[in-house]
Peer 1: 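Got a structure here, written out as structure tokens. Questions coming.
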Amino acid sequence: MDEILLKSEIEKVFEAHDVSYTAANIEQITSQGISAKAIETQLIFFKRGIKKSELAEAAVKSNGIKVLKAKEVDDYELFFEQQKGNKKLVKFVPASGAASRMFKFLSEFLRSFDVEKETINLYINKNKDEEFKVFIAGLEKFPFYQPIKDSLYQKYPDFGEWKRNKRVYHFVKKMMESKEFNFINKPKAVLPFHQYGDHSATPIEEHLKEAALYASTNKQSEVHFTISEAHQGYFDAIVDEVKPKIEKEFDIKIEITYSNQKQSTDTLAVDMNNKPFRLEDGSLLFRPGGHGALIENLNSIDADIIFIKNIDNVTNAQLETVVKYKRALAGVLIALQDRIFKYIELIDSSQMDAEKIREVVVFLREDLNICVHEYFDQFKEDFQKEYIRDILDRPIRVCGMVKNEGEPGGGPFWVLNKKGCRSLQIVESSQIDLKDFEQKEIFASSTHFNPVDLVCGTKNSKGQKFDLTQFIDPNSGFIVQKNHKGRDLKFYELPGLWNGAMANWLTVFVQVPLGTFNPVKTVNDLLKAGHQEGE
């Protein structure tokens, strides 16, 4: 859009909503590439609020979640291996997260522990700090233990003679301080997660290995990391070291690409009167829109099949299981796509008869979990075909789901839309009204958890890329309240990448083993079996 026209559109939005503005404000918005439509949508949401998602029931086995028998897993895995040769595969890894939350309890320890007056046991008992107790008990099992210990001995030759309290304190300090190992300020992606003999592996390395094993074809693989621009140097250093080794080990060529969260996806902050929040210099405050902003990054990927997995969900103990189920999920996707594309081809070539229409309706209901219009049978045949085609012609995702073991986060549910029609969605607690007893009960009844284990098809039957931004449900975002230098504010968080950003995709949930899910939310998670049984 012409820049002058864009500025004019933004001015009209502000005037329509009785918002004062300066030329600098308009320039600020246009320079970030934020559209007038996005600003208007957000202002409307602030004023009217956003209706919470309405859960109908939890998705469970045989009612929204497909459970594969062992032979079916083998068959889908084999089918994928047979079909992948003429397809471009990409592994998409959201990897911008900093590690600060992993070490929150260690930061508190450094802040409050008096190394001259306290003992470790006294600190643990006084603060009832079970996390720190677990950390200390498993200290020697962490992949970073030996390098930090060696560094301490190099600096303090008598380190081994110190009292335990002093040794532990300086160990943690060495881990965290910016001039030392600086773990707290680094992205999770570059931290040592696993130990193989005298070599420690980062999540970057583990994701490249995984890609070589399931996201590769014709000895080619591509991995795309979404990262913070400030972390590029960290990634480059790791990749330069490990990529050649992995390429040699797996006889493969790996292409690595990167993208940053776009400034155009930042959202406007407002004060408690729903007027734009202004900083001391009069400029507007924008905040990152959350992981839902990455739908723009995903939209830029040109591939037939895209595997999505979070940066911290890697393993050195369950790799065989992870690979097997990733291939099987991709097999499920391709099998569904084949039927979808054939049905669309029949419609486009005017070869779909009444019998085939009935067959497609069964497929929609039983395989794609689609709520078909209650009066569909009364539609004229031409409209039935048009209706079917509209449903089928959209991106598709097959999502692995693990049994719920109390992890915080979203899960699979049947959700009601405005017309009372149900669809399968991944829903997080922030999207529902937990004050509503019935909704809270449904949310609590969930048997499965979303591990972010997705295989996506983002091209249509003609091999053309879908515009993924056309399938977002903006009403599944939510308003967040924060504080900036003592002043309250609100901002709109975009629909999550695997929540509302994919709300209007074709969606299939498949149960996968718990062993495929090994997230590292706190450093102590590295002590769990999925991260300890190395080669």
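Heavy-atom basis, side chains included; hydrogens, waters and symmetry copies ignored.
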Peer 1: Tell me whether Arg397 contacts the main-chain N or O of Thr458 through its side chain, where contact means a donor paired with an acceptor under 3.5 Å.
Peer 2: no
Peer 1: Between Asn518 and Asn313, do the side chains contain an N or O donor and an N or O acceptor separated by less than 3.5 Å?
Peer 2: no
Peer 1: Would you check if there is a donor-acceptor pair between the side chains of Lys47 and His17 at a distance under 3.5 Å?
Peer 2: yes
Peer 1: Could Glu493 and Arg287 be called an ion pair, given the rule that one side-chain N must be under 4.0 Å from one carboxylate O?
Peer 2: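 Looking at Glu493 and Arg287, the cut-off is not met.
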Peer 1: Using a 3.5 Å distance criterion without hydrogens, assess whether the side chain of Ser35 forms a donor-acceptor pair with backbone atoms of Ala38.
Peer 2: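 Looks like yes, one N/O pair under 3.5 Å.
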Peer 1: Once rounded to the nearest 0.5 Å, what's the spacing between atom NZ of Lys188 and atom CD1 of Ile204?
Peer 2: 13.5 Å
Peer 1: Does Lys243 come within less than 4.0 Å of Glu205, counting only side-chain N to carboxylate O?
Peer 2: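 The answer is no: the pair does not qualify as a salt bridge.
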Peer 1: Could you report the tightest heavy-atom contact between Met272 and Leu489, atom names first, then the distance?
Peer 2: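 In this case the closest contact between Met272 and Leu489 is SD-N, 4.1 Å.
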Peer 1: Considering all heavy atoms of both residues, which atom of Val322 and which atom of Lys309 are nearest to each other, and what is their separation?
Peer 2: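 Scanning both residues completely, I find the closest heavy atoms to be CG1-NZ, 3.5 Å.
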Peer 1: Counting distance only, does the side-chain N/O of Gln431 pair as donor-acceptor with the main-chain N or O of Glu428 below 3.5 Å?
Peer 2: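 Flag set: sc Gln431 to bb Glu428 pair under 3.5 Å.
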Peer 1: Answer yes or no: is there a donor N or O on one side and an acceptor on the other, between the side chain of Thr30 and the main chain of Ile26, under 3.5 Å?
Peer 2: yes
Peer 1: So how far is it from Leu468 CG to Asn297 CG, rounded to the nearest 0.5 Å?
Peer 2: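 Separation between the atoms: 11.0 Å.
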Peer 1: Does any N or O in the side chain of Asn450 come within less than 3.5 Å of the main-chain N or O of Val452, such that one atom is a donor and the other an acceptor?
Peer 2: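 Looks like yes, one N/O pair under 3.5 Å.
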Peer 1: So which atom in Ala58 and which in Trp414 form the shortest heavy-atom distance, rounded to 0.1 Å?
Peer 2: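 Result for this residue pair: O-CD1, 3.9 Å.
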Peer 1: Which is it for Asp302 and Lys459 under the salt bridge (Lys or Arg N to Asp or Glu O under 4.0 Å) test, yes or no, and what are the steps along the way?
Peer 2: CA-CA 9 Å; Asp302 183 11; Lys459 290 186 176 180; 2.9 Å; yes
Peer 1: Stepwise, does the salt bridge (Lys or Arg N to Asp or Glu O under 4.0 Å) test hold for Glu108 with Arg111?
Peer 2: CA-CA 5 Å; Glu108 178 59 27; Arg111 189 188 67 80; 2.7 Å; yes
Peer 1: Does any non-hydrogen side-chain atom of Asn404 lie less than 4.5 Å from one of His448?
Peer 2: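 No; the side chains remain at least 4.5 Å from each other.
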Peer 1: When you measure from the side chain of Lys465 to the backbone of Asn299, do you find a donor-acceptor pair of N or O atoms at a distance under 3.5 Å?
Peer 2: yes
Peer 1: Ignoring hydrogens, what is the shortest heavy-atom contact between Leu497 and Phe92? Give both atom names and the distance.
Peer 2: CD2-CE2, 4.3 Å
Peer 1: Is it true that Glu210 and Lys91 make a salt bridge, defined as a side-chain N closer than 4.0 Å to a carboxylate O?
Peer 2: yes
Peer 1: Is the shortest distance from a Lys or Arg side-chain nitrogen in Lys326 or Asp453 to a carboxylate oxygen in the other one below 4.0 Å?
Peer 2: yes
Peer 1: Is the Phe109 to Phe135 ring centre distance short of 6.0 Å?
Peer 2: no
Peer 1: Working note: Glu118 + Lys126, criterion salt bridge (Lys or Arg N to Asp or Glu O under 4.0 Å); need CA distance, chi angles, decisive distance, verdict.
Peer 2: CA-CA 10 Å; Glu118 281 187 287; Lys126 182 178 71 174; 2.9 Å; yes
Peer 1: Please report whether the ring centroid of Tyr492 lies less than 6.0 Å from that of Phe478.
Peer 2: no
Peer 1: Do Ile472 and Pro495 have side chains that approach each other closer than 4.5 Å (heavy atoms only, starting at C-beta)?
Peer 2: yes
Peer 1: Can you establish whether the number of heavy atoms outside Lys440 located under 6.0 Å from its atom NZ is more than 12?
Peer 2: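 Count not over threshold, so no.
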Peer 1: Could you give the distance from CG (Asn524) to NZ (Lys133), rounded to the nearest 0.5 Å?
Peer 2: 12.5 Å
Peer 1: To check you understand the geometry: which heavy-atom pair defines the closest contact between Pro513 and Thr516, and what is its length?
Peer 2: O-OG1, 2.7 Å
Peer 1: Can you confirm whether the side chains of Asp467 and Thr469 place a donor and an acceptor under 3.5 Å from each other?
Peer 2: yes
Peer 1: For residues Phe491 and Phe277, establish whether the separation of their ring centroids is below 6.0 Å.
Peer 2: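 Ring centres of Phe277 and Phe491 not closer than 6.0 Å.
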Peer 1: Calculate, to the nearest 0.5 Å, the distance between atoms CG and CG belonging to Leu284 and Asn25 respectively.
Peer 2: 4.0 Å
Peer 1: Should the pair Asp266-Lys262 be classified as a salt bridge under the 4.0 Å nitrogen-to-oxygen rule?
Peer 2: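 Not counted as a salt bridge, because no side-chain N and carboxylate O are separated by less than 4.0 Å.
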Peer 1: Under 3.5 Å, side chain of Thr315 to main-chain N/O of Gly530, donor-acceptor pair present?
Peer 2: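 Yes.
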Peer 1: If a pair satisfies disulfide bond (SG atoms under 2.5 Å apart) and one of its residues is in residues 484-520, list it, with sequence neighbours excluded.
Peer 2: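 Found none.
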Peer 1: Dump the intermediate steps for side-chain hydrogen bond (donor to acceptor under 3.5 Å, both in side chains) on His224 and Ser259, then the final yes or no.
Peer 2: CA-CA 8 Å; His224 183 91; Ser259 64; 2.7 Å; yes
Peer 1: Take atom NZ of Lys88 as the centre, draw a 6.0 Å sphere, and report whether it contains more than 12 heavy atoms from other residues, nucleotides or ligands.
Peer 2: yes
Peer 1: For Arg101, I'd like to know if atom CZ has over 12 heavy atoms of other residues, nucleotides or ligands within 6.0 Å.
Peer 2: no
Peer 1: Is Glu206 salt-bridged to Lys209, cutoff N-O under 4.0 Å?
Peer 2: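 Yes, charged N to carboxylate O under 4.0 Å.
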Peer 1: How long is the gap from CZ on Arg278 to OH on Tyr21, to the nearest 0.5 Å?
Peer 2: 11.0 Å
Peer 1: Please assess Phe193 against Leu526 for the test side-chain contact (heavy atoms from CB on, under 4.5 Å), listing each intermediate value before the final yes or no.
Peer 2: CA-CA 7 Å; Phe193 266 33; Leu526 292 174; 3.7 Å; yes
Peer 1: Step through the shown structure and confirm whether more than 12 heavy atoms of other residues, nucleotides or ligands are within 6.0 Å of NZ on Lys275.
Peer 2: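 Yes, because the 6.0 Å sphere around NZ of Lys275 holds more than 12 heavy atoms from other groups.
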Peer 1: Which pair of non-hydrogen atoms, one from Asn182 and one from Ser178, has the smallest distance, and what is that distance?
Peer 2: OD1-CA, 3.3 Å
Peer 1: Would you confirm whether the ring centroid of Phe235 sits within less than 6.0 angstrom of the ring centroid of Phe225?
Peer 2: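 Yes: the rings meet the under 6.0 Å criterion.
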Peer 1: Given 3.5 Å as the limit, does a donor-acceptor pair link the side chain of Gln28 with the main chain of Ser283, or not?
Peer 2: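 Judged by distance alone, no pair lies under 3.5 Å.
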Peer 1: Hydrogens and angles aside, do Thr265 and Gln263 bring a side-chain donor and acceptor to less than 3.5 Å of each other?
Peer 2: no
Peer 1: Taking atom CG as the centre, does Asn483 end up with more than 12 heavy-atom neighbours from other residues, nucleotides or ligands that are less than 6.0 angstrom away?
Peer 2: yes
Peer 1: I'd like to know whether the aromatic ring centres of Tyr123 and Phe132 sit less than 6.0 Å apart in this structure.
Peer 2: yes
Peer 1: Is a donor on one side and an acceptor on the other found under 3.5 Å between the side chain of Ser446 and the backbone of Phe443?
Peer 2: no
Peer 1: Using the side chain to side chain contact (heavy atoms under 4.5 Å, CB included) criterion, which residues pair with Gln337? Sequence neighbours excluded.
Peer 2: Phe341, Ile396
Peer 1: Quick one: CG on Leu454 to CG on Asn310, what's the gap to the nearest 0.5 Å?
Peer 2: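 Between Leu454 CG and Asn310 CG, I get 9.5 Å after rounding to 0.5 Å.
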Peer 1: Treating Tyr387 as the side-chain partner and His373 as the backbone partner, does any N or O pair qualify as donor plus acceptor under 3.5 Å?
Peer 2: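 Indeed, once roles are kept as given, a pair shorter than 3.5 Å links the two residues.
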